[in-house]
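Below is one structure, written out as structure tokens; the observations come after it.
Each ligand, and each atom within it, is numbered from 1 in the order the structure gives.
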Amino acid sequence: MFTKILIANRGEIACRVITTARKLGILTVAVHSDADVDAQHVALADEAVHIGPPAVAESYLRGDRIIKAALETGAEAIHPGYGFLSENPDFVDAVTAAGLVFIGPSASAIRAMGLKDAAKALMVEAGVPVVPGYHGDSQDADFLAQEADKIGYPVLIKARAGGGGKGMRLVEDPADFKAALAGAQREGQASFGDPVCLIEKYITQPRHIEIQIFGDSHGNVLHMFERDCSLQRRHQKVIEEAPAPEMPEQVREAMGRAAVEAAMAIQYTGAGTVEFIVDGSGPLREDGFWFMEMNTRLQVEHPVSEAITGLDFVELQLRVAFGDPLPMTQQDLSINGWSFEARLYAEDVPKGFLPATGILEHLVFPAAAAFELGSIRVDSGVVCGDEISPWYDPMIAKIIVHGPTRATALNTLSQALARTEIAGLTTNHTFLRRLARHPSFAQGKLDTGLIAREAQGLIPAPVPCTRSRSLAALAALGLDSDLPELAGYAHWAPVEHPVRLVWADESLQAKVWLSGNARHVTVDGVTHVLQPAGDHGDQTDRWWIDGTLVRARVQRMGRRVSVFWGNGYHFDSPDPLAVQDDHAGGDVISAPMPGLVKLVSATAGADVMKGDALLVLEAMKMEHTLVAPRDGVVSEVLTAVGDQVTDGTVLLTLLPVEDPKAVS
Ligand code: ADP
Ligand code: ADP
Ligand code: MG
């Protein structure tokens, strides 16, 4: 086996490869850009080499620098992960020429499958069913329009070099054909440097079912069954599962066989995926699936197949790249249970799934195995405090679950998502939670159009109910922990405390008062009684709300409050001092909230300038400095260090100004 490998990637997939390498006692070398000095894949690796500035073209796509890093660190092989250089045959040639091993298929296998048109032609030869259509050389618009007529509408135009759902146009009306063709060609040129397009019959009510395959250098090719990736948004996968719902055994065998034949036809080695489009308008049929393309690498969604087969695909990749034969036969493989993967992204779902950026100010995953098989597995390359930057893929994590049945696994997915807490940036978390609970999905009735059809129910941001708002109000006041910590608030008991919260663009006004261990909160005209359950202090994830025990948690981060109750709701609690601005320029400095006087820096008779610090109040576990609202002279100091003061207590006065116009 190799003793040291370099991972030419970043993020979760680099971390995932490192985990298996470590398990096998293999040393790892990471490469990183300027933006990734502190990234997890660098932290996890045994060594790390800097390869350039943040832009991928100057770093993760610089094959020359990566090969140099491998040679300099004594790595024997390069694992490309997915994306970046993983399907670049010139990189494979360069790696091999440098005397290193590429952990993946040969350059010729990648070339054979690299362009969708050539791949389809090859598959026709190998006897694999392909989607009817035109994948010849001509790019003449009139000719292609005739071909589209022959195929019959609707048709799909695809850039042959396309990937990730880019460079595709669905055409339903022949009148739109030429404009759509020009669009697909432009996108192909812009994104992949190749305008050539092919035309396919658009399969209506399609399912995307793909077969995981593995080849070794001894001529063996096996398949590890199917994944259903039909839950897509604009041709991009959102939740994947294995096996596929309602898959008859004969169809599974036929698809597995076709995938193995496809791989055999190009002497495929390593991990690969053969993607099929499947007629999902009725029960799956042996004559109802067609080759779409082959991805010559490890796929993002590989963990669901690992979960149902019990295999570690990165380990298999390493073994076959080293030259070992696959350590099993097709008969040794079987499906155990069901698995789902949800892709958690930093993206703004209501704003058209726009990629989002920001700092992961709070990040908690459910109790899970990281990169290892388990009922909940989380594959992630980020930790709390990391930034999702505009430079790279905005994926935060893959939440993977495994259970004995589809229903159990799907429930586990919902639970795992509900226990995932993220604050600081916008994510698709709620969208995933809704999808996981969607009735059609739960019944296994899926096709690639499901998300678009059901968008109305899946996309809008959830609105926090008054109970969630009440929790936020308590958190804003620091009243989210247990009684012992409440001691300092004893003087609060009889008084009603106002709290201002901002959620989205909505300004909320709540009132809080205490009686015994109970916190009463009135918001939007409704009063709730809340008590933290158990004695976990800040960590409590159980609340009694109006006599019902619920699983919810709150988290304060500076002036922001998040309520995690299945969904995450994020509030701003504006500085109460800002409210004091109303009195700016006045003579009286009063406590804007209840608190403890920590410091008094003003003395009677002293000249002060607007903005000078007068005293410091500690409230809500934070210090607040009260400053002079105007230039003037301190007339009286009415408080001393150590005083517990209530909201509105006058702390200090300034000598009145005779001529208000003299106030600066
Ligand atoms: P990419 O390289 O972008 O992954 P694919 O050819 O794999 O492109 O297609 C991406 C997705 O587009 C598929 O998963 C499927 O949802 C949809 N699609 C592709 N071809 C067809 C087709 N002929 N009919 C219907 N949907 C299709
Ligand atoms: P879990 O999967 O951990 O049970 P859920 O999101 O399913 O978490 O929430 C558990 C229960 O709490 C459900 O009955 C749900 O309807 C309810 N719930 C979750 N969030 C809220 C909320 N913001 N307001 C009211 N009820 C909620
Ligand atoms: Mg594809």
Task: Close N or O approach (Ile203, ligand 1; < 3.5 Å) - done: yes

- [ ] Salt-bridge test for Lys158 and Glu200: reply yes if a basic N is under 4.0 Å from a carboxylate O, no otherwise.
- [x] yes

Task: Side-chain donor or acceptor of Asn428 paired with backbone N/O of Tyr345 under 3.5 Å - done: yes

- [ ] Work out whether the distance between some heavy atom of Lys116 and some atom of ligand 1 is less than 4.0 Å.
- [x] yes

Task: Lys166 NZ: over 12 foreign heavy atoms closer than 6.0 Å - done: no

TODO: Using a strict 4.0 Å cut-off to heavy atoms of Leu156, name the atoms of ligand 1 that fall inside it.
DONE: 18 (N), 19 (C), 20 (N), 21 (C), 22 (C), 27 (C)

Task: the Mg ion (ligand 3) to nearest N/O/S of Glu293 below 2.8 Å - done: yes

TODO: Please determine if Arg111 forms a cation-pi arrangement with Phe91, meaning its NZ or CZ atom is less than 6.0 Å from the six-membered ring centre and no more than 45° off the ring axis.
DONE: no

Task: Proximity flag Lys237 to ligand 1, non-hydrogen atoms under 4.0 Å - done: no

- [ ] Looking only at distances, please establish whether an N/O atom of ligand 1 is found under 3.5 Å from an N/O atom of Gly165.
- [x] yes

Task: Contact check: Thr448 vs ligand 1, nitrogen or oxygen atoms, below 3.5 angstrom - done: no

Open item on the list: Looking only at the aromatic ring of each residue, does the gap between the centers of Tyr268 and Phe214 stay below 6.0 angstrom?
Closed with: no

Open item on the list: Below 3.5 Å, N or O to N or O, backbone or side chain included: is there any such pair between Gly164 and ligand 1?
Closed with: yes

Task: Contacts of Asp173 that satisfy salt bridge (charged side-chain N to carboxylate O under 4.0 Å, His left out) - sequence neighbours left out - done: none

TODO: Provide the atom name of the closest N, O or S atom of Glu275 relative to the Mg ion (ligand 3).
DONE: OE1

